[in-house]
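Computed from a prediction, not measured in an experiment: that's the story for all the values here. Both counts, for ligands and for their atoms, begin at 1 and track the order of listing.
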Amino acid sequence: YGFLKPWLGDGLLLSHGRKWVQHRRLLTPAFHGDLLKSYLGIFNQSTRVMHDKWRAAAGPTGAAVALEVLDQLSLLTLDSLQKCIFSHESHCQQQPSEYIKAILDLSTLVVRRQQHLLHYPSWLYRLSGDGRRFTQACATVHGFTAAVVQRRRQALRRLGHQAWLDQHRGQRMDFIDLLLLAKDEDGNTLSDEDIAAEANTFMFAGHDTTASGLAWLFYNLACHQQHQDRCRQEVQELLKGRDVEDIEWEDLSRLPFTTMCIKESLRLHPPVTAVSRRCNQDVATRDGRVIPKGVICLMSIYGTHHNPEMWPDPQVYNPLRFSPENSEGRPPLAFIPFSAGPRNCIGQSFAMAEMKVVAALTVARFRIRPDTARPPRRKTELILRTEDGLWLLLEPLPKGA
Ligand code: HEM
């Protein structure tokens with residue numbers, strides 16, 4: 001986790017102790033239903049931009065086109081996050097954006113540093129070409145975030161709290177607004193530096209993870225046309241008779257089979273394959289052994305999701321494992337794509353909502369098939385990726401097909 005520190009600072013992912021407790025309490029409301037609801041329009045809009053690109057790539061004949069989807073989905077999730085966090089439209093799915101490029105560079109550089117022992121000491125890393133690029137990209141990201149936070153803080157000071165709230169009545173608040181206004185019961189608020197660290201953390205923690213989840217979902221649906229057809233039918237019934245092909249907040253609970261497909265994909269291909277923890281006390285295991293205090297444990301989410309005692313035929317993609325009947329009695333910790341306990345993923349409802357919107361609209365508009373010439377080879381980096389991208393065949397469907 002340490003290599004992320006110069007980029008993310010003391011955001012939720014990397015902070016601990018009292019600071020983490022206080023921030024987690026302040027930030028939790030920002031991920032609740034009412035606020036998430038206001039982001040649905042953004043998810044629909046970002047998905048439409050990606051689909052327009054896919055249709056353009058397919059050309060006027062509408063023939064199936066082979067596309068690498070992992071990078072495209074990363075851009076989609078970055079586009080959505082930038083709008084939800086900063087209300088900023090970079091149009092990064094259509095044109096290059098310096099800020100988005102810096103985030104993509106930072107993600108790549110962190111992984112490269114992990115694989116390069118000589119780059120572990122910070123002083124040596126700073127002297128290397130990669131280290132210099134890392135410093136440059138951090139400066140770009142920090143400059144962007146600090147400028148937004150300062151502008152908002154000034155506006156809040158100029159208008160005063162009440163007038164600022166009145167001006168925003170009926171409008172969507174973004175994460176920066178919420179963090180500026182956040183106050184706990186003791187009156188504690190977040191400093192500009194805290195807000196920037198949290199915003200940078202959300203950009204990092206929310207983009208590649210969701211993109212990986214979606215890319216593997218599309219792959220699994222491509223390999224199992226019967227499940228894809230059932231999702232499509234579910235979505236078409238939902239959208240029947242509507243003028244605008246948008247997924248609304250209320251629709252999210254009306255996509256039970258699509259949700260089962262997403263969960264089964266998160267089981268089979270969890271975007272975060274492991275988390276590590278340092279024991280802060282001796283931990284007794286069930287077989288009578290003890291993990292001593294201070295030891296760092298790597299907990300495998302991938303391994304947990306492939307435990308044959310919990311998941312018979314664990315390599316098989318079977319969404320029906322998540323039907324209400326089949327889920328009955330299964331221990332909750334058998335399925336932990338978002339980790340578990342107090343340090344679980346704060347963005348899980350946000351991620352599930354975004355994945356449902358993108359998945360539903362994609363099966364409604366495209367048939368997805370595997371690209372048999374380029375089968376994906378799993379590669380674990382910070383998230384579950386592939387050796388050479390994830391290639392799929394996408395065939396545009398006529399509207400309302
Ligand atoms: C499919 C998508 C996602 C997956 C699979 C996922 C998974 C995880 C996991 C496994 C952790 C625990 C990490 C650890 O302890 O080392 C985590 C933490 C976290 N996630 Fe997510 N995540 C996803 C999407 C998001 C989104 C969309 C956001 C924000 C917009 C987000 C924000 C965070 C934050 C801030 C933490 C740290 C929480 C804390 O320590 O209090 N994640 N996520």
Side-chain angles (χ1 to χ4, degrees), residues 1-5 7-28 30-32 35-36 39 42-43 46 70 73-74 76-86 103 110 174-176 178-179 194-195 197-218 259 262-278 296-305 333 335-359 380 382-385:
Y1 295 82
F3 294 160
L4 293 164
K5 194 85 175 178
W7 171 13
L8 306 182
D10 249 350
L12 216 48
L13 185 67
L14 302 183
S15 59
H16 44 82
R18 276 185 54 191
K19 181 163 194 170
W20 174 81
V21 172
Q22 191 209 359
H23 283 208
R24 178 93 190 194
R25 207 177 307 137
L26 278 169
L27 298 180
T28 299
F31 288 93
H32 271 183
L35 292 160
L36 285 185
Y39 299 133
I42 293 176
F43 300 154
S46 302
L70 202 44
L73 288 163
S74 275
L76 177 149
T77 53
L78 283 165
D79 195 12
S80 293
L81 282 165
Q82 216 181 358
K83 290 175 195 155
C84 296
I85 296 172
F86 303 104
I103 292 192
V110 168
D174 62 22
F175 276 94
I176 298 289
L178 295 166
L179 301 186
D194 288 339
I195 294 176
E198 298 304 352
N200 292 334
T201 298
F202 295 157
M203 284 301 292
F204 162 72
H207 87 274
D208 255 359
T209 44
T210 314
S212 162
L214 279 164
W216 285 107
L217 169 70
F218 291 171
T259 307
I262 296 173
K263 287 187 177 168
E264 173 64 347
S265 196
L266 291 174
R267 180 194 69 80
L268 194 57
H269 295 106
V272 179
T273 54
V275 294
S276 68
R277 294 288 185 270
R278 188 196 300 271
I296 296 174
C297 302
L298 191 71
M299 279 156 297
S300 175
I301 295 178
Y302 190 92
T304 307
H305 287 184
L333 296 181
F335 179 62
I336 46 168
F338 297 104
S339 185
R343 299 248 8 187
N344 67 356
C345 176
I346 198 171
Q348 55 186 290
S349 305
F350 182 102
M352 282 304 288
E354 183 166 20
M355 286 193 288
K356 284 188 201 180
V357 171
V358 181
T380 310
L382 290 178
I383 55 143
L384 185 62
R385 296 183 138 270

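- Taking atom 36 (C) of ligand 1 as the reference point, the nearest protein heavy-atom neighbour is Leu13 CD1, 4.1 Å.
- Of the options Arg277, Met355, Arg343, the smallest heavy-atom separation from atom 15 (O) of ligand 1 is shown by Arg277.
- Side-chain contact between Ser276 and Tyr1 is present, with at least one heavy-atom pair separated by less than 4.5 Å.
- Among residues two or more places apart in sequence or in another chain, the side-chain contact (heavy atoms from CB on, under 4.5 Å) test is passed with Ala211 by Leu73, Ser74, Thr77.
- In terms of polar-atom proximity, defined here as any N/O pair under 3.5 Å, Ser276 makes no such contact with ligand 1.
- A distance of 12.5 Å separates OG1 in Thr210 from CG in Leu217, rounded to the nearest 0.5 Å.
- With sequence neighbours left out, the salt bridge (charged side-chain N to carboxylate O under 4.0 Å, His left out) criterion links Asp10 to Lys5, Lys19.
- The protein non-hydrogen atom at the shortest distance from atom 16 (O) of ligand 1 is Tyr1 OH, 2.4 Å.
- With atom 7 (C) of ligand 1 as the reference point, the heavy atom nearest to it among Cys84, Ala274, Pro337 is part of Pro337.
- Checking Thr28, Val21, Leu27 one by one against Arg25, the side-chain contact (heavy atoms from CB on, under 4.5 Å) holds for a single residue, Val21.
- Residue contact check: Trp20 has heavy atoms under 4.0 Å from atoms 39 (C), 40 (O), 41 (O) of ligand 1.
- Counting only heavy atoms from C-beta outward, the side chains of Met203 and Phe86 approach each other to under 4.5 Å.
- Relative to atom 14 (C) of ligand 1, the option among Leu384, Val275, Ile336 with the closest non-hydrogen atom is Val275.
- Side-chain contact between Met299 and Ser339: absent, with no pair of heavy atoms (C-beta onward) separated by less than 4.5 Å.
- The ligand atoms of ligand 1 that sit less than 4.0 angstrom from a heavy atom of Phe350 are 27 (C).
- A heavy-atom separation below 4.0 Å is found between Asn344 and ligand 1.
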Inset, instruction - Evaluate side-chain contact (heavy atoms from CB on, under 4.5 Å) for Trp7 paired with Ile103, printing each intermediate quantity in order. - result: CA-CA 9 Å; Trp7 171 13; Ile103 292 192; 4.0 Å; yes
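- Annotation: side chain of Asp208 is not in contact with side chain of Leu382 (no heavy-atom distance under 4.5 Å).
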Compile the donor-acceptor pairs under 3.5 Å between side chains in residues 340-357 and protein atoms, sequence neighbours left out, one pair per line.
from, atom 1, to, atom 2, distance (Å)
Arg343, NH1, Ser15, O, 2.9
Arg343, NH2, Leu12, O, 2.6
Arg343, NH2, Leu13, O, 3.2
Arg343, NH2, Ser15, O, 3.0
Asn344, OD1, Arg24, NH2, 2.7
Gln348, NE2, Cys345, O, 3.2
Glu354, OE2, Ser80, OG, 3.0
Lys356, NZ, Leu252, O, 3.2

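- Neighbouring protein atoms of atom 21 (Fe) of ligand 1 (N, O or S, distance under 2.8 Å, waters ignored): Cys345 SG.
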Legend entry - Full working for side-chain contact (heavy atoms from CB on, under 4.5 Å) between Phe43 and Leu36: CA-CA 11 Å; Phe43 300 154; Leu36 285 185; 6.0 Å; no
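- For the pair Arg24 and ligand 1, the shortest N or O to N or O distance falls below 3.5 Å.
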